[in-house]
Amino acid sequence: MRDRPSVLVVVQRYGDVSGGAEAHARELVTHLRPYADLAVATTTAADYWTWENVYTAGIDAVDGVPVHRFPVESGRARDFRLREHRAFAKVHPLAAEDAFVRAQGPVAPELLEHLRRFGRDFDAVLFFTYIYYPTVNGLPLVPERAVLVPTAHDEPALRLSVYRRLFHAPRAFAFNSVEERQLIHRTFANERIPGDVVGVGVDVPADRDGARFRARFGIDGPYLLYLGRIVESKGCGTLFDHFLRWQRSGGSTAATLVLAGRGEPEMPVPPDPRIRHVGALSGQQKFDALAGASALVMPSLLESLSMVTLEAWAAERPVVVDARSPVLSSMAARAGAGLAYRSWMEFAEIAELLVTDAALGDRLGRSGARFVEATYTWPVVVEKYRDLFAEVAARNS
Amino acid sequence: MTGRRILLVVQRYGADVVGGSEQHARLVAQRLAQRHTVEIATTTAADYWTWAPYYPAGDDFLDSILIRRFPIAAGRDPEFKAFEHHVLEEEHHVADELAWTTRQGPDCPELLEFLHAHGQEYDAIVFYTYIYAPTALGLPIVPERAALISTAHDEYPLRLAPYRALFHLPRAIGYLTPEERAMVHARFHNEQVPDEVLGYALGDAPPADVEAFRARHGIAGPFVLYLGQVSEGKGCDELINEWIAHREAGGAADLTLVLAGTVRMALPDRPDVRALGRVSEEDKAAALAGAQVLVQPSRLESLGIVLFEAWQYGTPALVHAANPVTAGQTARAGAGRSYADTMFGAALDAVRAERERYGRSGRAYVERECSYAAFDERLERLVEATVRA
C-alpha cells in the first residue's frame with residue numbers, strides 16, 4: 001500500500017449538522033487528514049428526521065476535504081411510524097423490512113451510482129452507521145474495501161433480516177466499545193471479520209474551573225450535571241423522578257440538578273428550583289461545568305458510545321448511569337469510574353455518597369481518566385484506523 | 001435421520017430438469033441425505049430460460065427428499081435480451097444492475113419469505129448457482145448459515161452490483177474446481193471465506209456393449225466422440241472446422257467423428273462426421289467406452305462431468321485449451337491433452353498414440369477423486385465449515 005491510503009467516507013449527513021455519528025465522522029476526517037487522502041460522499045440533507053434537501057448537490061469542501069453531496073430522492077416517509085411498527089412486529093414479511101428502510105430514508109440512488117463507479121478507486125471506504133439507506137445499499141457495492149463503523153446498540157432494527165448482510169460483508173469493523181463488539185458478535189456470529197474497538201478521541205482542556213461555571217450561572221452548593229437533549233428517549237423523565245425523590249426524602253443533602261444542552265427541552269422540566277436548565281454551553285463552559293460537578297448523570301439506556309461520558313472521565317469526574325444500559329453500565333464498571341442504579345433508592349444512595357464524599361468522586365474520576373487515556377485519545381484512534389486501512393489494502397492486493 | 005438439518009436452495013429441481021448445476025445439486029442432496037436431514041427449496045420452474053411454471057407449488061418428494069416448491073411470480077422478462085445488452089454493453093445506472101436478478105428470474109418472492117421466516121431453523125443452507133435470484137437475493141438473508149456453491153465461470157454478469165458482496169457473505173464456499181476458486185479469488189479477493197473444492201462423484205460405470213452400439217448405428221472402425229448438445233455455444237462449429245482442416249491435411253484418415261447429442265446447428269454432409277442425435281443411456285455408455293478419444297471443444301464448461309465419465313472407461317480426453325477448467329482437470333488427471341487453435345490434429349494424434357497410458361491415468365484419477373467416499377469427505381468439510389460453532 002502507498003504510505004497515504006485514499007479513503008472515501010460515506011455518511012448520511014455531513015458538515016454543520018448535529019448528531020453523534022455525523023460529528024464522529026467529521027472529527028475523525030479532521031484527525032486522519034495528515035495520514036490519508038480523504039473524500040466524503042453524503043447527501044444534501046441536514047436534518048436526520050426529514051432528510052430535507054438543504055445543501056446544494058455537487059462538490060463542496062468542509063475543513064478542506066472534498067465532500068460530494070447527492071440529492072435525497074425521498075426523505076422520511078409520512079407513514080414512517082407505521083412502516084417501523086410493521087417491520088418491528090415479531091412476525092412480519094421480508095417486504096415490510098424493505099419498506100421500512102426506504103421509509104426511513106434518506107433514499108439517495110446517485111450516491112449508490114457514485115459508489116458503483118468510483119468506490120473501487122479508493123483503498124478503503126469507511127461507512128458510518130449501519131441503519132440508513134446509504135450504508136444498507138452502498139456497502140454491498142464495495143465490500144472488499146469497506147470498513148463499517150456500525151454505531152449499533154441493542155434495538156429492534158438490529159434484528160431485521162435486511163441488516164444481516166451488512167454485518168457479514170465488510171472487510172473490517174471499527175467498533176465504538178467492547179460492549180458494542182460483543183453485541184454484534186452475539187447477534188450475527190460474525191467473529192471471522194476483523195475489527196477493533198476504536199471509538200473517537202476525546203480532547204479536554206487542561207484549564208477547567210468549576211467556580212467559573214458556578215459564578216457565571218449562579219449555582220451554589222453541590223450539583224449533578226446532565227449534558228444533552230432533554231427528551232424522554234434519553235431517560236430524562238426517570239432522571240427527574242429519581243432526583244426529586246432523593247431531594248424530597250428525609251436527611252438528603254441539598255443539591256441541584258443542572259441541565260445543559262442545545263435546543264429547547266423536548267419534554268416538560270418539573271418546575272422545581274432544584275432543577276436548573278442553563279441552555280447551551282460553549283466547549284470551555286462544558287468542561288468548567290464538569291469540573292464543578294459531583295458527577296455527570298447519564299440516564300440513557302440506548303447508547304453505543306456516550307461522548308459526554310468519555311468527556312466527564314477525561315475531566316476526571318465520575319458518571320452515574322442506569323444499570324439497565326448494557327453499554328454504559330459495563331463501561332463504567334470496566335473503567336472503575338461510575339456507579340449504576342437500579343431504582344430511585346439506589347440513585348439516591350449513590351447521589352448522596354457522591355455529593356458528600358468528594359474524595360470518592362475524585363478517585364473514580366481519576367480512574368476514568370486513565371480508561372480514556374488507554375483507548376479514546378486521537379493518537380490511539382488514528383493509529384488504529386491506519387492499521388485497519390493497511391489490513392484492508394493487504395487483503396485486496 | 002440424524003446429523004444436521006440442511007436446506008438446499010436451487011433455481012430448479014426435479015427429475016425432468018436438465019442442467020449441470022442442477023445435476024450437481026441433486027447429487028449433493030442425495031449424498032448429504034445419507035447422513036443428514038435434507039430439504040430442497042426451489043421454484044415451480046423446469047425451464048431455465050422462461051421459468052414457466054411446470055411443477056405444482058407445494059411439497060413434493062424425489063429420492064425420498066422433501067422438496068418445497070414456491071410459485072414463480074414472474075418468469076424471465078420478455079425484454080431480457082435487450083435489457084442484457086443494455087447492462088452489459090452500454091452506459092447504465094446501478095439501478096439497472098440491481099434490477100438484473102429480478103428481470104433475469106426466477107422471481108420467487110415466497111422462497112425469499114420462507115428463508116426470512118424459517119431460515120433460522122436450519123443448521124446450514126446450501127445455495128446453488130450464484131447468478132440466479134434465489135441465491136443472489138436469498139443468501140444475504142441468512143449469511144451466517146449459508147454455503148455458496150457458485151458454479152461460476154469468468155463471464156460478464158459476475159461484475160454486476162448484485163454479486164459484488166455475494167462472494168464475501170457466506171460462511172463457506174464450495175467450488176467445483178480449483179480453476180473456479182482461483183478465478184473467484186482473483187476477482188473478489190474473498191480468500192477469507194473458507195472453501196472446499198468439491199469436484200464430482202460417480203457410481204460404478206454402467207455396463208457398455210460397444211459392439212451392439214456399433215451395430216445399431218453402423219459405425220465401423222475407430223471413432224472420436226463428442227457427447228453433449230451439438231451447438232455453436234458448445235464450440236462444435238470450431239470443432240468441425242478443425243476436424244475438416246486436419247482431414248484435408250491428410251490426418252486421421254481412419255477415424256470417424258461421432259456427435260452424440262441434440263443437434264442445434266447445421267452440419268456438413270460427410271461420411272467421416274456422424275451425428276446420432278440424443279442417445280440412450282446404453283448408447284452413451286457404449287460410445288464413451290468404445291471411443292478412441294472424447295473431444296470437448298467448449299470454452300464455457302464449469303465442470304465437464306462428461307470427462308469423468310469417459311475416464312471411467314479408460315477413454316482419454318482432448319479439450320480446448322481456452323477453457324481453464326477442462327484443461328486443468330485433464331492436466332491434473334494426466335488423462336489427455338488440451339489443444340490451442342490450429343493444433344487440434346497434432347494433439348489428437350498425440351492422445352491416440354498414448355491412449356493406454358492416458359486412459360489408465362484417467363481411470364485411476366476418477367477412482368481416487370470421484371468416489372462417493374472422497375466426495376462425501378469434501379462435502380462434510382463444507383458442512384462443518386458452514387455450521388455455526
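The analysis underlying the following values was restricted to heavy atoms, covering all of them including side chains, and did not include hydrogens, waters or symmetry mates. Owing to the predicted nature of the structure, the values given are computational and were not obtained by experimental measurement.
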request  = Calculate, to the nearest 0.5 Å, the distance between atoms CZ and CG belonging to Arg164(B) and Leu139(A) respectively.
outcome  = 12.0 Å
key: Interchain contact, Gln120(B) with chain A, by part (heavy-atom threshold 4.5 Å)   = side chain
key: Heavy-atom closest contact (Val94(B) atom, Pro109(A) atom, distance)   = CG1-O, 4.2 Å
remark   = Okay, Leu115(A) and chain B: the region with an atom under 4.5 Å from a heavy atom over there is backbone
task = Would you mind checking which part of His92(B) comes under 4.5 Å of any heavy atom in chain A, side chain (CB onward), backbone (N, CA, C, O), both or neither?
result = both
ask   = What pair of heavy atoms forms the shortest contact from Ala169(A) to Ala165(B), and how long is it?
value = CB-CB, 4.4 Å
Side-chain heavy atoms of Arg145(A) within contact of His189(B), under 4.5 Å = no
Close contacts, residues 92-102 of chain A versus chain B, judged by heavy atoms under 4.5 Å = His92(A), Pro93(A), Leu94(A), Ala95(A), Glu97(A)
task = Among the options Glu144(A), Arg117(A), Arg171(A), pick out the one with the most heavy-atom pairs lying under 4.5 Å from chain B.
result = Arg171(A)
request  = Using non-hydrogen atoms and a 4.5 Å limit, figure out which bit of Pro109(B) sits close to chain A: side chain, backbone, both or neither.
outcome  = neither
query = Who are the salt bridge (charged side-chain N to carboxylate O under 4.0 Å, His left out) partners of Glu391(A), not counting sequence neighbours?
reply = Arg395(A)
query = Given that the side chain runs from C-beta out, which part of Ala117(B) has a heavy atom under 4.5 Å from chain A: side chain, backbone, both or neither?
reply = neither
Straight-line distance of Arg165(A) CZ to Leu166(B) CG, nearest 0.5 Å = 10.5 Å
task = Identify the residues of residues 179-193 of chain A whose heavy atoms come closer than 4.5 Å to a heavy atom of chain B, ordered by number, or report 'none'.
result = Arg186(A), Phe188(A), Ala189(A), Arg192(A)
inquiry  = Please output the residues of residues 148-160 of chain A in contact with chain B, using a heavy-atom cutoff of under 4.5 Å, in numerical order.
reply    = none
